[in-house]
Amino acid sequence: MSVFADLVGQDEAVETMSRAAAAAARIVAGDNVTANGAMTHAWIFTGPPGSGRSVAARALAAALECERDGTGCGECHGCHTVLGGTHADVRFVVPEGLSIGVNEMRALVLRAGTAPSGGRWQAVVVEDADRLTEAAGNALLKAIEEPPPRTVFLLCTPSTHPDDISVTIRSRCRVVPLRQPPAEAVAEMLVRRDGIAPDVASWAAAAAQGHVGRARRLANDPEARGRREAVLAVPRRLTGVGACFDAASALIAATETEAATAFAENDSTERAALEQALGAGGTGRGAAGAMRGSAGQIKELEKRQKSRSTRSQRDALDRALVDLAGFYRDVLVTNLRAPVAVVHSDIAQQSSAAAEKWSPESTLRRLEAILACRDAIEQNVKPKIAVEAMMLNLWRG
């Protein structure tokens, strides 16, 4: 199966990458490639959450390492190791916390400057490149301005807006825009690849609003479905000022618990491994002294873990806000009798009842309150304050 098979509803992007991978194979073979659509050394994949930015970047990296003339066959050793994250010439930068620091980027740029061990390409895949610090972005820019031979940088960002990626980096990259895949295409993939029942797949794809990973979680994970149901119960709970603050506290607590649960086992394993490496439990000469001198490294690990937990909590909260926005969107669709399907078909009766009570203007104000909350959190407003303000606006309409 082709390495591009998991890119749902992205035919134009797949065609662009396929042409580039074929040109890259000719470069490796020693041909002089100058035709339109030829390989370039830096790419930016943009698109809404769930559109498959990181999937596209990984797929192109696999096609570049494909041992069958860059076809991205998905079967050879090169394709398998890239997709599995173990290829020696492909580096994946996945931010654990709120940002990607300069030291990490400098190390990757230095490593990317070496010749590919497999004789094809060195690839650096930067997921969430919008989280690069200014210094990290400058380090990356220098490498893109003076690219080593047969080294490719694949960056993933929500957009090419200067808030997401610097103008100078953008100007040196080929942009591949990805669109939100239609729910029908997502459902078809869930049935074909994951063996999910067609009715469940259709519901999950619609509820996830085109987000492939979220659709898969909703279809397979009862806890994910439970969290969604709790979020969609919020509008019914907003009966007064006190209820607004209670709903905000419950939502924040739920996302904190989700984040803590996701990383609790991994955090303890990381700490135990670091302590063991530093000599914890040792009885030989100097073991106690070594552990006393390791406090700084343990503190640095705790700092990284806290940053990772904060990002995980914000991601969980954003997913909840998207679900909530979908409800008010459904109310507005019903209000205006728009000829489009509702997102949350399983609670269509609830959204229809709300549409009878609220005017389109008040529904739109509620929807705008959720979008304003998302923007505020992105601007580093404390989540609890932003969510409390949102709940009050949802209640008042």
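Atoms considered below: every heavy atom in the structure, side chains included; atoms not considered: hydrogens, waters and symmetry mates.
The NE2 atom of H211 sits 10.5 Å away from atom CG of L218, with the distance rounded to the nearest 0.5 Å. S18 contributes atom OG, which lies 4.0 Å from atom CZ of F4 (distance to the nearest 0.5 angstrom). Put simply, CD on Q379 and CG on D163 are 7.5 Å apart, with the number rounded to the nearest 0.5 Å. The CD1 atom of I144 sits 5.0 Å away from atom CG of L155, with the distance rounded to the nearest 0.5 Å. A distance of 9.0 Å separates CZ in F153 from CG in L108, rounded to the nearest 0.5 Å. Taken from CG in D130 to OG in S159, the straight-line distance is 8.0 Å, to the nearest 0.5 Å.
Between E388 and K384 there is a salt bridge, with a side-chain nitrogen of the basic residue lying less than 4.0 Å from a carboxylate oxygen of the acidic one. Ion pairing of R374 with E378 is absent here, as no side-chain N (NZ or NE/NH1/NH2) approaches a carboxylate O to less than 4.0 Å.
Checking side-chain atoms of T16 against main-chain N and O of E12 turns up a donor-acceptor pair under 3.5 Å. A donor-acceptor contact shorter than 3.5 Å is absent between the side chain of R120 and the backbone of P116. The closest donor-acceptor contact from the side chain of R214 to the backbone of A208 lies at 3.5 Å or more, if one exists at all. With hydrogens and angles disregarded, a donor-acceptor distance shorter than 3.5 Å links the side chain of D330 to the backbone of V343. Not one N or O on the side chain of N393 forms a donor-acceptor pair closer than 3.5 Å with the backbone of A369. No donor-acceptor distance shorter than 3.5 angstrom exists from the side chain of Q10 to the backbone of E15, with no hydrogens or angles considered. Using a distance-only test at 3.5 Å, with no hydrogens or angles considered, no donor-acceptor pair links the side chain of T151 to the main chain of P147. R366 places no side-chain N or O within 3.5 Å of a backbone atom of Y328 that could act as its donor or acceptor partner. Checked by atom type and distance alone, the side chain of R53 never pairs as donor or acceptor with a backbone atom of G50 at under 3.5 Å. Judged by distance alone, the side chain of R225 and the main-chain N or O of A219 form a donor-acceptor pair under 3.5 Å.
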Exercise for review: Go through the steps for C373 and I377 under the test side-chain contact (heavy atoms from CB on, under 4.5 Å), then give the verdict.
Suggested key: CA-CA 6 Å; C373 179; I377 293 172; 3.9 Å; yes
Going through the checks in order, is the side-chain contact (heavy atoms from CB on, under 4.5 Å) test met by R111 and R91?
CA-CA 9 Å; R111 177 67 180 84; R91 299 288 182 276; 2.6 Å; yes
Determine, stepwise, if the pair V94 / D128 fulfils side-chain contact (heavy atoms from CB on, under 4.5 Å). CA-CA 7 Å; V94 183; D128 299 313; 5.5 Å; no
Exercise for review: Would you sort out whether V331 and W358 count as a side-chain contact (heavy atoms from CB on, under 4.5 Å), showing the intermediate values?
Suggested key: CA-CA 9 Å; V331 175; W358 301 336; 3.8 Å; yes
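T81 and E65 are not linked by any side-chain donor-acceptor pair at a separation below 3.5 angstrom, with hydrogens and angles left out of the test. R337 and T334 form no side-chain donor-acceptor contact under 3.5 Å, judged by distance and modelled atom types alone. Checked by atom type, the side-chain pair T363/N335 shows a donor-acceptor distance below 3.5 Å. R314 and N380 share a donor-acceptor pair across their side chains, judged by distance under 3.5 Å alone.
Listed by first and then second residue, the salt bridge (charged side-chain N to carboxylate O under 4.0 Å, His left out) pairs involving residues 184-205 are D6-R193, E188-R192, D194-R216 (not counting sequence neighbours).
Considering every non-hydrogen atom in both R329 and V342, the closest pair reads NH1-CA, 3.5 Å.
Residues C73 and V3 are not in side-chain contact: their nearest non-hydrogen atoms beyond the backbone lie 4.5 Å or more apart. Contact of the P383 side chain with the I252 side chain is registered, since non-hydrogen atoms from C-beta on lie closer than 4.5 Å. Annotation: side chain of V109 is in contact with side chain of M105 (closest heavy-atom distance under 4.5 Å). In this structure, the side chains of W43 and V152 come closer than 4.5 Å at one or more pairs of heavy atoms. Between M189 and V212, some side-chain heavy-atom pair lies under the 4.5 Å cut-off.
Just one of V176, V14, L154 meets the side-chain contact (heavy atoms from CB on, under 4.5 Å) condition when paired with L60; it is L154. A side chain to side chain donor-acceptor pair (under 3.5 Å) with H344 holds for exactly one of Q350, R228, Q209; it is R228.
With ring centers used as reference points, W395 lies 6.0 Å or more from F245.
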